[in-house]
Asks: 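Take this structure first; my questions come after.
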Amino acid sequence: MSEKELGEHIITIDSVSKAFIGGVQAVKDFSAKIRRREVVVIMGPSGSGKSTLLRCLNGLEEADSGTIIVDNIPLDDNRKHRLEIRKEVGMVFQSFNLFPHLTSLENVNLAQIRVRKKSQKEATKFSMELLNKVGIAEKAGNYPAQLSGGQQQRVAIARALAMMPKVMLFDEPTSALDPEMINEVLDVMKNLATEGMTMVVVTHEMGFAREVSDWVIFMDEGQIVETGTAEHFFKNPQEDRTKLFLSQIL
Amino acid sequence: MSEEIKVRVSPLHWLRQRIFLFRHPWTDIIEYVALIALIIWLMWMSTARLGYYWQWFRVPKYLFQIKQGKLVVGQLIKGLFFTFRISGVSLVLAFVAGLTTALVRLSGSFMGRILSRVYLETIRNTPLIVQIYLMYFVIGPILGLGRFGSAVLALTLFEGAYMSEIFRAGIVSLHKGQWEAAHSLGLSGFYIYRDVILPQAVRRILPPLTGQVITLIKNSALVSIVSLSDLALNAKIIAADTFLTFEIWFTAAAIYLVITVALSTVAYYLEKRFKILT
């Protein structure tokens, strides 16, 4: 992929651990730094802690120990900090999680009006731009249930973008989609990457990783097993665990 | 939406499906009327034996009367207006109490959770009639509440407890992804409830909530024990004065029925109107 200029560190994860009630250690002593405009793909078998790690980054899960700093704001007990970080970090979920009682447009408008305190008119103008960008402007008045999975996920991306986030987190954004809809979502994500959005993506889409990611983290049992470019993972993965995993998904 | 699947069904099966799947408010109304007719017929049979002398013609003046070209409201309708008033005030307050209790119960506050639980269990596990007496004789005077205030407080607390459980059930029934999506957008707790959670929860709980509103109206008849002249007390007084026992009580029952059925019908259409596509 073409070289792009990476910025300073925007996310710093320092020895983060997270266990669930019942003692399952989801994330163990995880550290990583992510630069502005970087696209990072996190891969790993199910239960390896990748989703938990991602959800720690915007405070949906609270880490037991370690520090997370996003755009110079520490993610700590301070509720204000958490809200600030959530304004800067957009998230896209595996199951879309659109608000079913609101139309596509209203879904995208909501946070702009309530959090960014924009007027209805301003919000709608920007929302339509975003819906246009994800190629779904004609469905602005439709309710989520009237859209296909791929369309819903694109609305969800537009909704996250509406906050003008500095970082976008994607939690297996294409795993719940029918195969023919995966590409329409990946295309939107690729465009975002090209525009220089900082992205952390949990996915098993190797094509996407290869095309747009700057580096890939392979996780297992809550820890980093191996990191490197997508090329590195394709051509000569070092660890046995990585080789085994890749042989299963490729 | 769904594809038609041609399956041979027996006429009996078809009929059963119609009966159980098709429920229109009219179905309820017709059933109710049939039931009432049956009861009246039974009463008629038994009173025929008793030699009861029906005097329906004496009833209308307790509803409406025309005196010197002016419409005068009778005792029963006056009682009905009072029932409306006390139910209406209690309903609004019970809504607030119920929602507040549900939110406190679901909040992070330990004391709040305990308090709301104690409130709920105390109210739910004691008879309303006892609570009305207690409010009227003990708590009302302490708070400086009169007859009306005490009765409203009793009804509010009683119905609020039940409503809180309905609200809570509606709120926790929503998928946690809704919370997560709302949180991830940076919405504050207030807006999450107002714009995301409650609009969905309220639509889900509309049927049990309607049931609770109807219960409230019916329970308001109990305030007659502290001499508030609602529909029930006025009916009792008239029946005692005139010995029109059956006529008056049937009339009062019919009035309650008309109100509650009307409410059910409104709720039925609201439910359809605000249905969330899934």
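What you see below is based on every heavy atom in this structure, not just the backbone, and it leaves out hydrogens, waters and symmetry mates. We name chains A, B, ... by the order of the sequence lines, and we start the count at 1 in each one.
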Asks: Is there any residue in residues 112-121 of chain A with a non-hydrogen atom under 4.5 Å from a non-hydrogen atom of chain B, and which ones are they?
Replies: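 Listed by number: Arg114(A), Val115(A), Lys117(A).
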Asks: In terms of heavy-atom pairs under 4.5 Å with chain B, which of Arg82(A), His101(A), Lys87(A), Glu106(A) leads?
Replies: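 Most heavy-atom pairs under 4.5 Å with chain B: His101(A).
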Asks: Pick from Ser184(B), Ala182(B), Pro199(B), Ser188(B): which one has the most heavy-atom pairs with chain A under 4.5 Å?
Replies: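 Ranked by contacts with chain A, first place is Ser184(B).
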Asks: Side chains of Lys133(A) and Leu192(A): does their closest heavy-atom pair fall under 4.5 Å?
Replies: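 Answer yes - side chains close enough.
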Asks: Side chains of Leu75(A) and His81(A), heavy atoms from C-beta outward: is any pair under 4.5 Å?
Replies: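 Side-chain contact under 4.5 Å: no.
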Asks: Sorted by first residue and then second, give each side-chain hydrogen bond (donor to acceptor under 3.5 Å, both in side chains) pair with at least one member in residues 95-116 of chain B; sequence neighbours left out.
Replies: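 Checked against side-chain hydrogen bond (donor to acceptor under 3.5 Å, both in side chains) - neighbours excluded - the pairs reaching residues 95-116 of chain B are Arg105(B)-Glu165(B).
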Asks: Are the side chains of Val202(B) and Phe167(B) in contact, using a 4.5 Å heavy-atom criterion?
Replies: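 Result yes, sub-4.5 Å side-chain heavy-atom pair found.
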Asks: In terms of heavy-atom pairs under 4.5 Å with chain A, which of Arg203(B), His175(B), Arg194(B) leads?
Replies: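 Heavy-atom pairs under 4.5 Å are most numerous for Arg194(B).
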Asks: Name the region of Gln146(A), side chain, backbone, both or neither, that has any atom closer than 4.5 Å to a heavy atom of chain B.
Replies: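 For Gln146(A), the side chain is the part near chain B, not the backbone.
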Asks: Is Phe99(A) close to chain B through its backbone or its side chain, or both, or neither, when contacts mean heavy atoms under 4.5 Å?
Replies: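 When you check distances to chain B, atoms from both the backbone and side chain of Phe99(A) fall under 4.5 Å.
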Asks: Applying side chain to side chain contact (heavy atoms under 4.5 Å, CB included), can you list everything that pairs with Ile114(B), at least two apart in sequence or on another chain?
Replies: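 For Ile114(B), the residues satisfying side chain to side chain contact (heavy atoms under 4.5 Å, CB included) (neighbours in sequence not counted) are Phe110(B), Val118(B).
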Asks: Taking the side chain as everything from C-beta on, heavy atoms only, tell me whether Val167(A) gets closer than 4.5 Å to Glu88(A).
Replies: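 No, their side chains stay 4.5 Å or more apart.
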Asks: Would you please test Ser17(A) and Asp64(A) for side chain to side chain donor-acceptor pair (under 3.5 Å) and show each step?
Replies: CA-CA 6 Å; Ser17(A) 293; Asp64(A) 299 331; over 6 Å; no
Asks: Which bit of Ile85(A) is near chain B, if near means a heavy-atom gap under 4.5 Å: side chain, backbone, both or neither?
Replies: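 The answer is neither part of Ile85(A).
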Asks: Would you give the length of the straight line joining atom OH of Tyr256(B) to atom CG of Leu231(B), rounded to the nearest 0.5 angstrom?
Replies: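 Interatomic distance, Tyr256(B) OH to Leu231(B) CG, rounded to 0.5 Å: 4.0 Å.
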Asks: Ignoring hydrogens and angles, write down the donor-acceptor pairs under 3.5 Å from the side chains of residues 149-159 of chain A, residues two or more places apart or on other chains.
Replies:
| residue | atom | partner | partner atom | Å |
| --- | --- | --- | --- | --- |
| Gln151(A) | OE1 | Ser148(A) | N | 2.9 |
| Gln151(A) | OE1 | Ser148(A) | OG | 3.4 |
| Gln152(A) | NE2 | Pro144(A) | O | 3.3 |
| Gln152(A) | NE2 | Leu147(A) | O | 3.4 |
| Gln153(A) | NE2 | Phe93(A) | O | 2.7 |
| Gln153(A) | NE2 | Pro173(A) | O | 2.9 |
| Arg154(A) | NE | Glu184(A) | OE2 | 3.3 |
| Arg154(A) | NH1 | Val134(A) | O | 2.9 |
| Arg154(A) | NH1 | Gly135(A) | O | 3.3 |
| Arg154(A) | NH2 | Glu184(A) | OE2 | 3.0 |
| Arg159(A) | NH1 | Asn97(A) | O | 3.0 |
| Arg159(A) | NH1 | Asn107(A) | OD1 | 3.4 |
| Arg159(A) | NH2 | Phe96(A) | O | 3.4 |
| Arg159(A) | NH2 | Asn97(A) | O | 2.9 |

